[in-house]
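Every number for a ligand or one of its atoms is a count from 1 in the order of the listing.
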Amino acid sequence: MIQSSLFISIVLILFFSIRADAQSTQPLVNHQILSSNITSSGQQHFYFNPSTTPGLTKRSLLTLTDSDHAPWTKRDPTLTFYLTLTSCSQPSPPPNYQGEIPSIDLYLSTVNSNTLPGPTHHQNNNTVDDTLPGRISWHGNNVPELWIGVAAPTLTAAWTGQWTYELAISTQQWMHPLDQRNDTMRLEDTDTTNALLVTDQTMPNATVLITQGLPKELKYSYCAAKSYQVAGQSINTTTEMQRGQQVFMVANLTQEQTYQAYMIQHQTAQITSLTAPLALQTKSDPHCRLIHGLDFCSDVAYSVPSDPTQDIWNITRAYDKQAQDLFAPFATALSQFNCNNTQYSLVRNCDDCYRDYKRWLCAVTIPRCTSSSSPSTLVTTRTVAAQSARNPWIDATYSLQNGWTELLPCVDVCYQVVQSCPPFLQFNCPEGDLAAQQYGYWKTIVNDSLVLDVNNPTCNRVGMNVSLLVISAGSTLRSSSWLVFLASLAATLVSIDAFN
Ligand SMILES: *[C@@H]1O[C@H](CO)[C@@H](O)[C@H](O)[C@H]1NC(C)=O
Ligand SMILES: *[C@@H]1O[C@H](CO)[C@@H](O)[C@H](O)[C@H]1NC(C)=O
Ligand SMILES: *[C@@H]1O[C@H](CO)[C@@H](O)[C@H](O)[C@H]1NC(C)=O
Ligand SMILES: *[C@@H]1O[C@H](CO)[C@@H](O)[C@H](O)[C@H]1NC(C)=O
Ligand SMILES: *[C@@H]1O[C@H](CO)[C@@H](O)[C@H](O)[C@H]1NC(C)=O
Ligand SMILES: *[C@@H]1O[C@H](CO)[C@@H](O)[C@H](O)[C@H]1NC(C)=O
Ligand SMILES: *[C@@H]1O[C@H](CO)[C@@H](O)[C@H](O)[C@H]1NC(C)=O
Ligand SMILES: *[C@@H]1O[C@H](CO)[C@@H](O)[C@H](O)[C@H]1NC(C)=O
Ligand SMILES: *[C@@H]1O[C@H](CO)[C@@H](O)[C@H](O)[C@H]1NC(C)=O
Ligand SMILES: *[C@@H]1O[C@H](CO)[C@@H](O)[C@H](O)[C@H]1NC(C)=O
């Protein structure tokens, strides 16, 4: 009897210790991503001890210390831990649920008096950054070992599914990197099936991930983004060495859809950078075609009115050539005026005039085409009826039977010419009603219902530095339309000839 009860006790002890083991903590391997899943009210525990973790070899530990001889000490201040938790999927709420889907939480402990940190063990005194939807991060040093708890909120029975997540720790870098800047990548424009994205520096090993329908709670999670990746699109990545840009032309999108684009950099299998998502909408009007890479109007990278079926490189070349042809008389005029020796401004010279006039000419001869429905009246558009383009070449070259909508050039594009060019050119910008018909004004607004920024412009800046777009309505400059100016150019040329 005594024997059998002892036997039962031993069995019970064994049972509980095995159970406790299975339930307690799982080691994390340095620099390796662990995938797991968790249901409502669940808790899972992990630990990381660099001195016993197989992933961190003695050699790598030594290289991280100051001295070659000193063994790694438990409180090595030079050893930083980078810990991240990303949610890859989340449960589905009941049909009438309105709010956000709650996130799983991360709890930390650095003391072995609390090896199971979690909502019921409130000894966690390490705070984690959970401000970004889908990604929780923590980094710290001077930590001997780390006890980690992952806990899921309690849901009612009406919810279905579970959370899946990735957890990773590294002593070298973020295993789920995130570039939190919102201006690393910019959207130039879209048309019905393409989107043009650029960065203002070259990005080695970079590509773009296009997603659709990603829940907002998982926005900053790479594993979630991957599972919402849109199939079938093709991305042509080019490095523009001279401009110091990375250009991503995304093709094969579907018209009138909203997507989120991420830029990713990778080194072999590992990603080294992920940008914040950038929203893009494809257009509805197939007459708007996205062009870029023009030789002359090199700042043009937007949609233009044209035929839906014509070859895009033919359209690109044709627009560029007509702009260059119109520029020729101006270039001649400027070269005949000995403007380098005729100082007309303390801060500008003929190079500025050439550059700014060229930008203005490209803006007015290569209009930017947009969707007819604008998110706001601050977006300055003009409805162009069939056969009434400002530039008659467009109507002569392309059949635009149903008209189209123009995103007007920013008025600053015009004012820059006035400021940069010698007065004898008599270049003026319109004012009042005429200005409002021909030009738009740069505005930025970011709130819950409206985003107007460099990716969603209110006017066509044609590559002009955003910091120069400061002119607002109500300026006083003499009136003259650009057509009047083009018509008077010949006369001006004559007077220059007389001048020389
Ligand atoms: C959840 O995780 C367990 C253990 O890691 C695994 O066996 C199971 O297949 C996972 N379930 C789902 C739905 O991913
Ligand atoms: C964290 O909590 C433990 C136990 O409550 C305590 O001993 C330790 O000093 C705390 N650490 C810090 C950095 O506050
Ligand atoms: C980026 O964020 C800053 C600060 O929140 C904001 O002022 C700026 O307009 C944003 N830029 C873009 C391109 O969204
Ligand atoms: C575009 O999508 C279609 C249908 O999804 C597919 O057949 C085609 O291969 C894709 N083209 C490219 C260039 O990826
Ligand atoms: C990719 O873009 C470059 C230049 O922008 C172009 O020359 C090339 O033909 C494109 N490749 C494809 C497959 O579209
Ligand atoms: C680009 O990828 C290659 C091969 O994966 C790698 O050797 C190289 O270091 C990477 N470059 C950068 C800057 O990440
Ligand atoms: C492109 O232009 C060339 C020369 O003008 C013409 O021969 C060719 O048919 C055009 N291609 C398309 C697809 O329109
Ligand atoms: C004016 O001078 C600049 C350098 O100061 C030079 O690059 C430019 O070619 C000159 N322009 C003319 C028209 O001589
Ligand atoms: C966003 O800004 C616009 C323009 O200022 C304003 O009309 C609108 O009410 C704002 N919306 C919210 C939700 O703040
Ligand atoms: C735009 O102008 C600002 C301020 O003058 C400058 O710091 C920035 O580098 C410029 N950006 C580009 C892309 O030239």
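Remark: the S449 side chain and the N447 side chain contain an N/O donor-acceptor pair separated by less than 3.5 Å.
Annotation: D448 places no N or O atom under 3.5 Å from an N or O atom of ligand 9; distance criterion only. Polar contact with ligand 10: present for S467 (N/O pair, distance under 3.5 Å).
Residue pairs meeting the salt bridge (charged side-chain N to carboxylate O under 4.0 Å, His left out) criterion with at least one partner in residues 366-379, sequence neighbours excluded, are D189-R368. For the salt bridge (charged side-chain N to carboxylate O under 4.0 Å, His left out) condition, the pairs that include at least one residue of residues 223-252, sequence neighbours left out, are R243-D299. The ring pair (Phe, Tyr, Trp, His ring centres under 6.0 Å) pairs that include a residue from residues 178-221 number zero, where partners must be two or more places apart or lie in different chains.
A tilted orientation is assigned to the rings of F327 and Y357, their planes being inclined by 30° to 60°.
Residue contacts with ligand 9, taken as heavy atom pairs separated by less than 4.0 Å, involve I445 solely via side-chain atoms from C-beta onward.
More than 12 heavy atoms of other shown residues, nucleotides or ligands fall within 6.0 angstrom of atom CG in N96. For H139, the NE2 atom counts as loosely surrounded, since its 6.0 Å shell holds 12 or fewer non-hydrogen atoms of other residues, nucleotides or ligands.
Atoms of ligand 10 lying under 4.0 Å from any heavy atom of N465, numbered from 1 in the order shown and given with element: 1 (C), 2 (O), 3 (C), 8 (C), 10 (C), 11 (N), 12 (C), 14 (O).
D285 places no side-chain N or O within 3.5 Å of a backbone atom of S371 that could act as its donor or acceptor partner.
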N or O contacts of ligand 6 with protein under 3.5 Å, please list pair by pair.
from	atom 1	to	atom 2	distance (Å)
ligand 6	2 (O)	N205	OD1	3.3
ligand 6	2 (O)	N205	ND2	2.2
ligand 6	5 (O)	T268	N	3.0
ligand 6	9 (O)	Q267	NE2	3.3
ligand 6	11 (N)	N205	ND2	2.9
ligand 6	14 (O)	N205	ND2	3.4

